[in-house]
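Inspection log for the structure reproduced underneath, given as structure tokens.
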Amino acid sequence: MSSCIFCKIAAKEIPSQVVYEDNDVLAFNDLNAQAPVHVLVIPKKHLSHLDHAAAEDELLLGRLLSAAAKVAKSTAIAETGYRVVTNIGVDGGQSVSHLHFHILGGRQLSWPPG
Ligand code: 5GP
Ligand code: ZN
């Protein structure tokens, strides 16, 4: 059994508040929300981060971004605007080694990020 926490969430071994799901993708509320809307979009298949995506994953990557846009619409942040971000490795601030896109919205976000 995988010890990856997001693989466990994808397998429903750990509960989450699911916002969107299809065959390849799961989106759920972040446990430690940094904005009124903070959803994580993950592939059900384990990939450590964007840098480990291969040519065969290109369709999946597109599906993840399409799911992000769907989540933005269903959580009513699409009109006011939002941010999609993926952290990679130590300098990127990645804390969970399973590819995920953060969708943040519902407040004015600052730029540049810290
Ligand atoms: P990272 O720092 O890797 O970019 O983002 C990991 C995110 O996963 C963090 O925002 C953190 O709050 C969230 N997270 C970590 N463990 C869990 C969990 O068990 N459930 C949920 N829903 N979110 C989690
Ligand atoms: Zn995983």
Side-chain angles (χ1 to χ4, degrees):
M1 194 174 73
S2 168
S3 61
C4 170
I5 192 158
F6 284 1
C7 281
K8 287 182 176 169
I9 286 175
K12 309 281 171 69
E13 290 164 14
I14 291 177
S16 68
Q17 292 183 317
V18 174
V19 178
Y20 172 83
E21 181 170 17
D22 62 31
N23 281 344
D24 305 309
V25 175
L26 187 73
F28 53 94
N29 286 329
D30 195 295
L31 205 55
N32 184 22
Q34 301 300 315
V37 173
H38 187 173
V39 175
L40 301 173
V41 177
I42 68 167
K44 290 184 174 177
K45 161 187 169 174
H46 182 88
L47 284 173
S48 299
H49 45 58
L50 198 54
D51 218 46
H52 282 178
E56 64 182 29
D57 299 315
E58 282 182 354
L59 188 59
L60 177 61
L61 294 177
R63 287 186 173 148
L64 289 165
L65 289 177
S66 291
K70 282 179 190 155
V71 166
K73 286 192 187 75
S74 71
T75 56
I77 56 171
E79 277 191 24
T80 46
Y82 61 99
R83 187 169 294 160
V84 179
V85 64
T86 187
N87 298 322
I88 299 159
V90 175
D91 278 3
Q94 184 177 12
S95 62
V96 177
S97 293
H98 180 126
L99 175 63
H100 51 282
F101 290 93
H102 296 258
I103 301 158
L104 296 145
R107 67 169 171 83
Q108 178 68 60
L109 300 167
S110 58
W111 190 265

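Start at 1 and go down the list; that is how both ligands and their atoms are numbered.
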Just wondering, do [Y] and [X] contact through their side chains at under 4.5 Å, heavy atoms?
X     : Y      : answer
Asp30 : Leu104 : no
Lys45 : Asp57  : yes
Val84 : Val41  : no
Val96 : Leu40  : no

Ligand 1 versus [X]: contacting region, heavy-atom distance under 4.0 Å:
X      : answer
Ile5   : side chain
Gln34  : neither
His102 : side chain
Phe6   : side chain
Ile9   : side chain
Ser95  : both

Is there a chain of hydrophobic side chains (I, L, V, M, F, W, Y, each step under 4.5 Å between heavy atoms) that links [X] to [Y]?
X     : Y      : result
Val39 : Leu65  : yes
Leu61 : Ile88  : yes
Tyr82 : Leu109 : no

Minimum-distance protein heavy atom relative to [atom]:
atom                    : result
atom 1 (P) of ligand 1  : His100 NE2, 3.1 Å
atom 22 (N) of ligand 1 : Asn29 O, 2.9 Å
atom 15 (C) of ligand 1 : Val96 CG2, 4.1 Å

Angle subtended at the Zn ion (ligand 2) by SG of Cys7 and SG of Cys4, nearest 10°: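 About 120° at the Zn ion (ligand 2).
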For ligand 1, which atoms, with element, lie under 4.0 Å from some heavy atom of [X]?
X     : result
Gln94 : 3 (O)
Phe28 : 21 (C), 22 (N)
Gly93 : 2 (O)

Ligand 1 to Asn87 polar contact by distance, N or O atoms, under 3.5 Å: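 Between Asn87 and ligand 1, an N or O pair is found under 3.5 Å apart.
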From CA spacing to verdict: side-chain contact (heavy atoms from CB on, under 4.5 Å), Ile103, Ile77: CA-CA 10 Å; Ile103 301 158; Ile77 56 171; 4.0 Å; yes
Whether His102 and His100 hold their rings parallel, tilted or perpendicular, with breakpoints at 30° and 60°: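 Judged by the thresholds at 30° and 60°, the geometry between His102 and His100 is perpendicular.
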Of Ser2, Ser48, Pro43, the residue whose pairing with His98 passes side-chain contact (heavy atoms from CB on, under 4.5 Å):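 That would be Pro43.
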Identity of the N, O or S atom of His98 lying closest to the Zn ion (ligand 2):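 This turns out to be ND1.
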Which atom of His46 approaches the Zn ion (ligand 2) most closely (N/O/S):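 Per the distance ranking, His46 contributes ND1 as its closest N/O/S atom to the Zn ion (ligand 2).
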Of the listed options Leu99, Asp30, Asn32, Leu31, closest to atom 11 (C) of ligand 1 (non-hydrogen atoms):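 Going through Leu99, Asp30, Asn32, Leu31 one by one, Asp30 has the nearest heavy atom to atom 11 (C) of ligand 1.
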Using atom types as modelled, flag every donor-acceptor pair under 3.5 Å from a side chain in residues 19-26 to any protein atom, sequence neighbours excluded.
| residue | atom | partner | partner atom | Å |
| --- | --- | --- | --- | --- |
| Tyr20 | OH | Asp22 | OD2 | 2.7 |
| Tyr20 | OH | Lys70 | NZ | 3.4 |
| Glu21 | OE1 | Lys12 | NZ | 3.1 |
| Glu21 | OE2 | Lys12 | NZ | 3.2 |
| Glu21 | OE2 | Lys44 | NZ | 2.8 |
| Asp22 | OD1 | Asp24 | N | 2.9 |
| Asp22 | OD1 | Val25 | N | 2.8 |
| Asp24 | OD2 | Arg63 | NH1 | 2.8 |

Heavy-atom gap Ser16 to ligand 1 smaller than 4.0 Å: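 The answer is no: ligand 1 sits nowhere under 4.0 Å from a heavy atom of Ser16.
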